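Presented below is the structure to which this report refers.
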There are 2 protein chains.
Amino acid sequence: MLQHSILETLPEPLRREALSGLQPLHFEHGSILFRAGDPCQGLPLVLNGTVKVQMTGLSGHSIVLYRMGADDICTLSIGCLMTGDGFRAEAVVEDDAEVFMVPRGLFDRLMDQSADFRLGIMESYGRRLNDLMLLVEEVAFRRMDERLFQWLEARVGQGVITITHQELAVELGTAREVVSRLLKEFERKGLLRIARGKIEFTGWFAS
Amino acid sequence: MLQHSILETLPEPLRREALSGLQPLHFEHGSILFRAGDPCQGLPLVLNGTVKVQMTGLSGHSIVLYRMGADDICTLSIGCLMTGDGFRAEAVVEDDAEVFMVPRGLFDRLMDQSADFRLGIMESYGRRLNDLMLLVEEVAFRRMDERLFQWLEARVGQGVITITHQELAVELGTAREVVSRLLKEFERKGLLRIARGKIEFTGWFAS
DNA sequence: CGGCCCTGTGTGACTTTATCACTGAACCTT
DNA sequence: AAGGTTCAGTGATAAAGTCACACAGGGCCG
């Protein structure tokens, strides 16, 4: 159960060796995997749970850059691991997560000895780069009401979601007031109901 | 003269082998290294010149994501090379450039056999990821007049620059009208003079 | 040379988004 | 029940994006 597909691709002796040196770390909801400025301790392999990565700009505003889920790799850490620079973003655990922390030495060894491991790392990097490019486009050109709508739409399944307007503003990289006003408008249209710290889907959403 | 530092780190037999299989490709100003949707032919190592990478969103608007110069690696290509997906962005040559195109097979071999090569690739990836994160923050939170000012400031040395308002809008991911109005304002303040397709620095800028 | 056309720029009117400064409501604590 | 803290609502104003169109510079061609 506690495994990560990128380790499963390793040839048997190497896989054993890697797993023997790693014990899963448990992170609870709300805990911080790393903060802006922290030095990198190793490459986190996310086994389960979800972790959001967000950054705070010079202006003091924050925006969520991407999320990691089961079987994900914290690609952002690789650069820090290599250059020794600190993180520019922070990683906040949303759903309780378990993580393998691969230290620099082991990472180098796996990169050296397994083509599949290298492939996994590269693919992960590629996906992250793509995600960020799409985010740039979204932030630069898409309208806020559409973006908010899509964000909500992706979470309709849950019926009710627990989030404050401020947190939602960070998700989209905008101001709380903007989110409040748009939500009010959605409520007027009968798409949802607003409560303190909660949004309940109705009407069109609750299909 | 025609060399790339990531190849110079290779141990001697490998370096000779790599170089013997690569001939520099010449790209002129305005030519396209790759377009959105193109399959990836190999990993471009930029020897000299400059190349801008920009993407066009669903909305039809474009934005410049980053630039590559001498000794740079087109990190974006690695993801495409690995997954076989097409590019999401396009690369336009600004100053005439020469490029080594490393084919998949050689790339795999270099990744397999040289720790320094791996390090170079990883560092490049890390930098690109950082750049994009900063771009997200900039687009999301910084004011347009500041961003335009900084863009111009970075090019003051040239005295006069040749660029249309439309191109400048793509640099910043905004609309031409916005650029035109801001430039007019800078002109009123005596910072620069506008001519058709040109901007001449004066006053504060021409210190 | 004058007329034509294409590209680049200027501008007004209007919408959307961001910012600022508050008010008030909901919940928690004691 | 009182007081404090966090969350949400709102008006006023500024910044940025959108739309529609006028006009200007420069090249080309009859």
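None of the values given here were measured: they were computed from a predicted structure.
When the C1' atom of C/dA18 is taken as reference, atom CD of B/E146 falls 14 Å away, rounded to whole Å. Atom-to-atom, CD1 of A/I199 to P of D/dC7 comes out at 14 Å; the value is rounded to the nearest Å. Nucleotide D/dC7 holds its C1' atom 13 Å from the CG atom of A/L168, rounded to whole Å. What separates CZ of B/F186 from P of C/dG10 is a distance of 14 Å, to the nearest Å. Between the P atom of D/dG17 and the CG atom of B/D145 lies a distance of 11 Å, rounded to the nearest Å. Atom CD in B/E137 sits about 14 Å away from atom P in C/dA18, given to the nearest Å. In this structure, the CG atom of B/L148 is 14 Å from the C1' atom of D/dA15, given to the nearest Å. If you measure from atom CD of B/E185 to atom P of D/dA14, you get 13 Å, rounded to the nearest angstrom.
Comparing A/I163 and B/R142 along DNA chain D, the residue whose closest nucleotide (by nearest heavy atom) sits nearer the 5' end is A/I163. Place A/G173 and B/T164 on DNA chain C by their nearest nucleotides, and B/T164 ends up nearer the 5' end. With the nearest nucleotide of DNA chain D identified for both A/R188 and B/T174, A/R188 has the one nearer the 5' end.
The listed nucleotides are C/dA26, C/dT11, C/dT19; the one nearest the side chain of A/V178 is C/dT19. Side-chain proximity of A/E177 to C/dG10, D/dT10, C/dG8: nearest is D/dT10. With distances taken from any side-chain atom of A/M144 to the nucleotides C/dC20, D/dT18, C/dT17, the minimum falls on C/dT17. Of the candidates C/dT9, C/dA26, D/dT10, D/dT10 carries the atom nearest the A/R176 side chain, counting heavy atoms from C-beta on.
Between B/C40 and B/F34 the shortest side-chain heavy-atom distance does not fall below 4.5 Å. Residues A/T174 and A/I63 have side chains not in contact (no heavy-atom distance under 4.5 Å, counting atoms from C-beta outward).
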Show your reasoning for whether salt bridge (Lys or Arg N to Asp or Glu O under 4.0 Å) applies to B/R127 and B/D131.
-> CA-CA 6 Å; B/R127 249 177 289 123; B/D131 289 352; over 6 Å; no
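Between D/dG9 and A/H165, a contact under 4.0 Å exists linking OP1 or OP2 to a side-chain N or O. Proximity of B/H61 to the phosphate of D/dG17: no side-chain N or O atom is located under 4.0 Å from OP1 or OP2. Regarding contacts with the backbone of D/dA8, every side-chain N or O of A/K184 stays at 4.0 angstrom or more from both OP1 and OP2.
Using a 30° and 60° split on the angle between ring planes, B/Y125 and A/Y125 fall in the parallel class, below 30°. Aromatic ring orientation, A/F117 versus A/F107: perpendicular (interplanar angle above 60°, classes split at 30° and 60°).
Within 4.0 Å (heavy atoms only), B/R143 reaches sugar-phosphate atoms of the nucleic acid but no base atom.
In the interface, the side chain of A/R181 is paired with the base of C/dT19 through a donor and an acceptor atom under 3.5 Å apart.
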